[in-house]
Asker: 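First the structure, which I've put down as structure tokens, then a few questions once you've had a look.
Just so it is clear: chains get the letters A, B, ... in the order the sequence lines come, proteins before strands, and each one is counted from 1. What's counted below: heavy atoms across the whole structure, side chains too, no hydrogens, waters or symmetry copies.
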Protein chains: 2
Amino acid sequence: MKLLDIGEITERSGVKPSTLRYYEEVGLIQSITRHGLRRQYEPQILTKLSLITLAKAGGFSLTEIAGMFSEKGQLQIPREQIRERADLIDEQIKELTALRDILHHVADCPAPSHMECPSFQRMLKASDRRKPAKKKPPTK
Amino acid sequence: MKLLDIGEITERSGVKPSTLRYYEEVGLIQSITRHGLRRQYEPQILTKLSLITLAKAGGFSLTEIAGMFSEKGQLQIPREQIRERADLIDEQIKELTALRDILHHVADCPAPSHMECPSFQRMLKASDRRKPAKKKPPTK
DNA sequence: ATACGACTTCAAGTCAACTTGAGGTCAAGT
DNA sequence: ACTTGACCTCAAGTTGACTTGAAGTCGTAT
């Protein structure tokens, strides 16, 4: 199976050499051998990089992403964790959807002051329900 | 109209005092006055903080968020920009959806090696179409 | 044989977004 | 009058994810 050198990986994945080296340094990917000094990669690394890029776009940290791969480089997460992550992403999708809807509203609503527009307020409130606990009970 | 002091803002918004001070430092929010040393805020700041929190969750930088507010603290973005932002968010939602679907697949597909599973590959390819341009045309 | 260009290492730098710590101030309760 | 607790300032530190720069090494084309 033919190997690809770092330049080719960069070209085909859009990930810079410096970034690839950094990913290797932190143990996220490995180069399989060297040609002279040049790192050589197995073609599968491209799949892995797609996955990494995608997960980053989803707001996962490199550490979290690293945790999604087993030693052999396979995706290997206990099912339970996968569900958790999927739920997290759903959460995020909802937030983004709320934000988008708010923007649309702002674009279309001719009210001079959105801050006081009731439907604007309503949308914001709806997005607030995932907040840290408030301490004050309605005491008194 | 009664003012809220920083502790109350923290309690009701979930945003830490240090963060509020930081936001003020970078010009994202303002405290309206002081009670002794204590910052006092107008209640509307809570709406603004909701919006900030939401936008942050949407991956916007503080600088970008600051750009969404006019001097008076109102949301004020040219319609064209709003559409752009909304499209950006849609983009992100698509990415997240792809990621979630991949995770679901991984959770359900009993194949030993996802990396080679064709439907896994297909999903990844689908998420790749937003990549930087490749230089190599099929020359030769 | 040599020059070229694409890589290499390693340390240091950068950026955003906060957080922490030391030392200080203030108003309200006892 | 004094203590307390919640705030204050300001500088420095932290984290994550890279990037940059200087100095060096190779394989390949000429």
Asker: Can you tell if the side chain of A:Arg85 reaches within under 4.5 Å of the side chain of B:Leu99, non-hydrogen atoms only?
Answerer: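 No - every pair of side-chain heavy atoms lies 4.5 Å or more apart.
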Asker: For a quick check of understanding: with a heavy-atom distance under 4.0 Å over all strands, which category does B:Thr19 fall into, base, sugar-phosphate or nothing?
Answerer: sugar-phosphate
Asker: Does A:Gln40 or B:Thr63 map to a spot on DNA chain C nearer the 5' end, using the closest nucleotide for each?
Answerer: A:Gln40
Asker: Any protein N or O atoms within reach of nucleotides 4-7 of chain D? Criterion: under 3.5 Å, listing atom names and distances.
Answerer:
from, atom 1, to, atom 2, distance (Å)
D:dA6, O4', B:Arg38, NH2, 3.4
D:dA6, N3, B:Arg38, NH2, 3.4
D:dC7, OP1, B:Gly7, N, 3.1

Asker: Could you list by number each residue of residues 22-29 of chain A showing a heavy-atom separation from DNA chain D of less than 4.0 Å, or answer none if no residue does?
Answerer: A:Tyr22, A:Tyr23
Asker: Could you state the interatomic distance from NZ (B:Lys125) to OG (A:Ser50), rounded to the nearest 0.5 Å?
Answerer: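 Reported value, rounded in 0.5 Å steps: 5.0 Å.
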Asker: Please examine the side chains of A:Tyr22 and A:Leu28, heavy atoms only from C-beta on, and report whether any two atoms are closer than 4.5 Å.
Answerer: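 A side-chain contact under 4.5 Å is absent here.
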Asker: Would you mind classifying the nucleic acid contact of A:Ser61 as base, sugar-phosphate or nothing, using non-hydrogen atoms under 4.0 angstrom?
Answerer: sugar-phosphate
Asker: In plain terms, say whether A:Arg83 and B:Asp108 are close enough for a salt bridge, that is, a side-chain N and a carboxylate O under 4.0 Å apart.
Answerer: yes
Asker: Does the pair A:Glu42 and A:Leu3 meet the rule for a side chain to side chain contact (heavy atoms under 4.5 Å, CB included), with working shown?
Answerer: CA-CA 5 Å; A:Glu42 305 185 291; A:Leu3 301 179; 4.3 Å; yes
Asker: Test your reading of the model: is there a side-chain donor-acceptor pair from A:Lys2 to the backbone of A:Pro43, 3.5 Å cut-off?
Answerer: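 No; zero donor-acceptor contacts below 3.5 Å.
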Asker: Is any side-chain heavy atom of B:Ser127 less than 4.5 Å from a side-chain heavy atom of B:Leu124?
Answerer: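 With C-beta onward as the side chain, the pair touches.
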Asker: For B:Thr63, which residues count as a side chain to side chain contact (heavy atoms under 4.5 Å, CB included) partner, sequence neighbours excluded?
Answerer: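 Counting only residues at least two positions away or on another chain, B:Thr63 forms a side chain to side chain contact (heavy atoms under 4.5 Å, CB included) with B:Ser61.
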Asker: Is the closest side-chain heavy-atom distance between B:Ile9 and B:Val15 below 4.5 Å?
Answerer: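 No, too far: nothing below the 4.5 Å cut-off.
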Asker: State, yes or no, whether a side-chain contact exists between B:Ile6 and B:Arg21 at a heavy-atom distance under 4.5 Å.
Answerer: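 B:Ile6 vs B:Arg21: side chains touch.
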Asker: Can you confirm whether A:Ile32 sits close enough to A:Ile45 that some side-chain heavy atom of one is under 4.5 Å from a side-chain heavy atom of the other?
Answerer: no
Asker: Can you name the atoms? Protein N/O to nucleotides 28-30 of chain D N/O, anything below 3.5 Å, with the distance.
Answerer:
none

Asker: State, with a plain yes or no, whether a side-chain heavy atom of B:Phe60 is found less than 4.5 Å away from one of B:Leu54.
Answerer: no
Asker: Is there a path of hydrophobic side-chain contacts, each under 4.5 Å between heavy atoms of I/L/V/M/F/W/Y residues, joining B:Leu88 to B:Ile93?
Answerer: no
Asker: Taking any atom under 4.0 angstrom from a heavy atom of chain B, which nucleotides of DNA chain C are the first and last to qualify, 5' to 3'?
Answerer: C:dA17 to C:dA28
Asker: Compare all side-chain heavy atoms of A:Leu46 with those of A:Arg12 and state whether any distance is below 4.5 angstrom.
Answerer: yes
Asker: Where each residue is assigned the nucleotide of DNA chain D containing its nearest heavy atom, which of B:Tyr41 and A:Lys56 is assigned the position nearer the 5′ end?
Answerer: B:Tyr41
Asker: Tell me whether A:Leu4 is reachable from A:Leu37 by hopping between hydrophobic residues (I, L, V, M, F, W, Y) whose side-chain heavy atoms are closer than 4.5 Å.
Answerer: no
Asker: Could you summarise the pairing of DNA chain C as dot-bracket text, marking Watson-Crick and G-U pairs under 3.5 Å with ( ) or [ ] inside the strand and | across strands?
Answerer: ||||||||||||||||||||||||||||||
